Amino acid sequence: SMKNAVPQAASLLLEKLLLLVHVRALPAGSGGESSPPAAPGYYDTSCFKRGDLLEVPRTLFIHFGIYLGENRVAHLMPDILPAFTGDRRQIEQVVTNKRLILGVITKTASVRVDTVEDFAYGGSILVNHMDRLFEDQVLGSEEAARRAEKLVGATAYSLLWNNCEHFVTYCRYGAPVSFQTDKFCETLKMIIRDQRSVLASVLVGLASIVCLGLAPSTTLPTIFIPFFLWMAG
């Protein structure tokens, strides 16, 4: 029904925008554009403690990880490779854009351990910035690190229900939540509900097509759903 199509449209648009952010944040192994990786030792890891929650702000969203000590960070990333091979040497290589995109499409991922340099990829790092939102819910540092280590390996993936933020909040605070996803969903719902913002929602959809090179045949019907609702109302 049309009512069910609206949340589906919001979910699809959210996935495309989040995918754009992730692709820009990763190495250009599959032809995408990105900044060069930081050289080893670029980050001062002496200020990081085992169990710390690390954030790397991107253009629109944030990537999260749990510091394990000795320049190692556990973080969840979409990745198709673990679904096809158990070869750790291949899986541990830096995830390319192609692997990430296929992981998002097939909803597969892995909790992997990388160096701080590979995790941040030249971005600035915030430490335990989310602690202020959870107050007394912060678990012990060792407990957070152990939770992250237990989850290392292949896992299901969802941009809305099981992303990198869900992973770190579960590890450090005991509750898997994603504030940035919730906020974006609420904003998107407001745009769809507000008839005066129909044009804005259409433009956002068109922008996603231009940025991601998506097939108009599959995307245009989705972004025009709010417009059809407005016309019907």
Side-chain angles (χ1 to χ4, degrees), residues 15-16 18-43 45 48 50-58 61-123 125 141-172 176 178 180-181 212:
E15 290 194 10
K16 296 186 190 315
L18 283 174
L19 180 58
L20 171 61
V21 177
H22 279 295
V23 169
R24 285 183 173 176
L26 290 174
S30 60
E33 295 182 0
S34 64
S35 58
Y42 176 83
Y43 296 98
T45 60
F48 301 154
R50 180 171 163 83
D52 280 349
L53 191 159
L54 306 185
E55 300 181 31
V56 180
R58 298 299 184 187
F61 293 89
I62 303 170
H63 188 51
F64 297 86
I66 297 291
Y67 188 65
L68 302 180
E70 299 180 348
N71 197 33
R72 298 174 301 128
V73 182
H75 59 127
L76 188 153
M77 289 188 65
D79 187 5
I80 188 65
L81 199 56
F84 291 98
T85 179
D87 189 338
R88 294 184 59 182
R89 289 178 298 178
Q90 292 186 42
I91 294 174
E92 289 174 357
Q93 294 177 1
V94 176
V95 178
T96 62
N97 289 342
K98 184 178 297 185
R99 283 170 57 181
L100 182 145
I101 292 172
L102 291 175
V104 171
I105 293 173
T106 59
K107 298 185 178 180
T108 59
S110 66
V111 175
R112 52 186 290 125
V113 177
D114 287 310
T115 65
V116 172
E117 288 76 21
D118 285 340
F119 162 74
Y121 210 74
I125 299 178
S141 296
E142 186 60 27
E143 172 66 17
R146 288 180 179 177
R147 285 188 172 210
E149 290 170 337
K150 288 180 180 179
L151 293 174
V152 170
T155 184
Y157 184 78
S158 169
L159 285 163
L160 297 178
W161 315 118
N162 189 36
N163 61 37
C164 62
E165 189 175 6
H166 291 103
F167 165 69
V168 297
T169 51
Y170 165 76
C171 291
R172 187 165 177 84
S178 177
Q180 59 181 345
T181 299
L212 294 174

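None of these values were measured; they are calculated from a predicted model.
- Leu54 contributes atom CG, which lies 10.5 Å from atom OH of Tyr43 (distance to the nearest 0.5 angstrom).
- Here the straight-line distance linking atom OG1 of Thr169 with atom CD1 of Ile66 works out to 8.5 Å at 0.5 Å rounding.
- With salt bridges taken as basic N to acidic carboxylate O contacts below 4.0 Å, none links Arg112 and Glu92.
- Formation of a donor-acceptor pair under 3.5 Å by the Thr85 side chain with backbone atoms of Pro82 is not found in this model.
- In this structure the side chain of Glu55 never reaches within 4.5 angstrom of the side chain of Glu165, judged on heavy atoms.
- Ser141 and Arg172 get closest at one heavy-atom pair: OG-NH1, 4.4 Å.
- Between Lys107 and Trp161, every side-chain heavy-atom pair lies at or beyond the 4.5 Å cut-off.
- Going from atom CD1 of Ile80 over to atom OG1 of Thr96 covers 11.0 Å, rounded to the nearest 0.5 Å.
- Within 6.0 Å of the CD atom in Glu70, the count of heavy atoms belonging to other residues, nucleotides or ligands does not exceed 12.
- Counting heavy atoms from C-beta on, the side chains of Val73 and Phe48 never come closer than 4.5 Å.
- Side-chain contact check for Tyr67 versus Thr45: some heavy-atom pair is nearer than 4.5 Å.
- Of the possible polar contacts, none joining the Arg147 side chain to the Ala144 backbone as a donor-acceptor pair under 3.5 Å is found.
- The shortest non-hydrogen separation linking Leu151 to Cys171 is CD1-SG, 4.3 Å.
- The two residues Leu76 and Asn162 make their nearest non-hydrogen contact at CD2-O, 4.1 Å.
- Side-chain atoms of Tyr157 and Leu159, non-hydrogen and from C-beta on, do get closer than 4.5 Å to each other.
- Classification of the His63-His75 ring pair by plane angle, with boundaries at 30° and 60°, yields perpendicular.
- Closest approach of Ala74 and Ala148 over heavy atoms only: CB-CB, 4.0 Å.
- A distance of 11.5 Å separates CD in Gln93 from CG in Asp118, rounded to the nearest 0.5 Å.
- Here CD1 of Ile125 is found 6.5 Å from CZ of Phe119. Values are rounded to the nearest 0.5 Å.
- Shown here for Asp79 and Leu81, the closest heavy-atom pair between the two residues is OD1-N, 3.1 Å.
- For Arg50, the CZ atom is densely surrounded, since the number of other residues' heavy atoms within 6.0 Å is greater than 12.
- Inter-residue side-chain proximity for Val113 and Glu149 is flagged as unmet; no heavy-atom pair is nearer than 4.5 Å.
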Arg58 vs Tyr121, test: side chain to side chain contact (heavy atoms under 4.5 Å, CB included). Steps then yes/no. CA-CA 11 Å; Arg58 298 299 184 187; Tyr121 210 74; 4.0 Å; yes
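- Of all non-hydrogen atoms in Ala145 and Leu68, the two that sit nearest each other are O-CD2, 3.8 Å.
- Between Tyr42 atom OH and Thr115 atom OG1 the span is 14.0 Å, to the nearest 0.5 Å.
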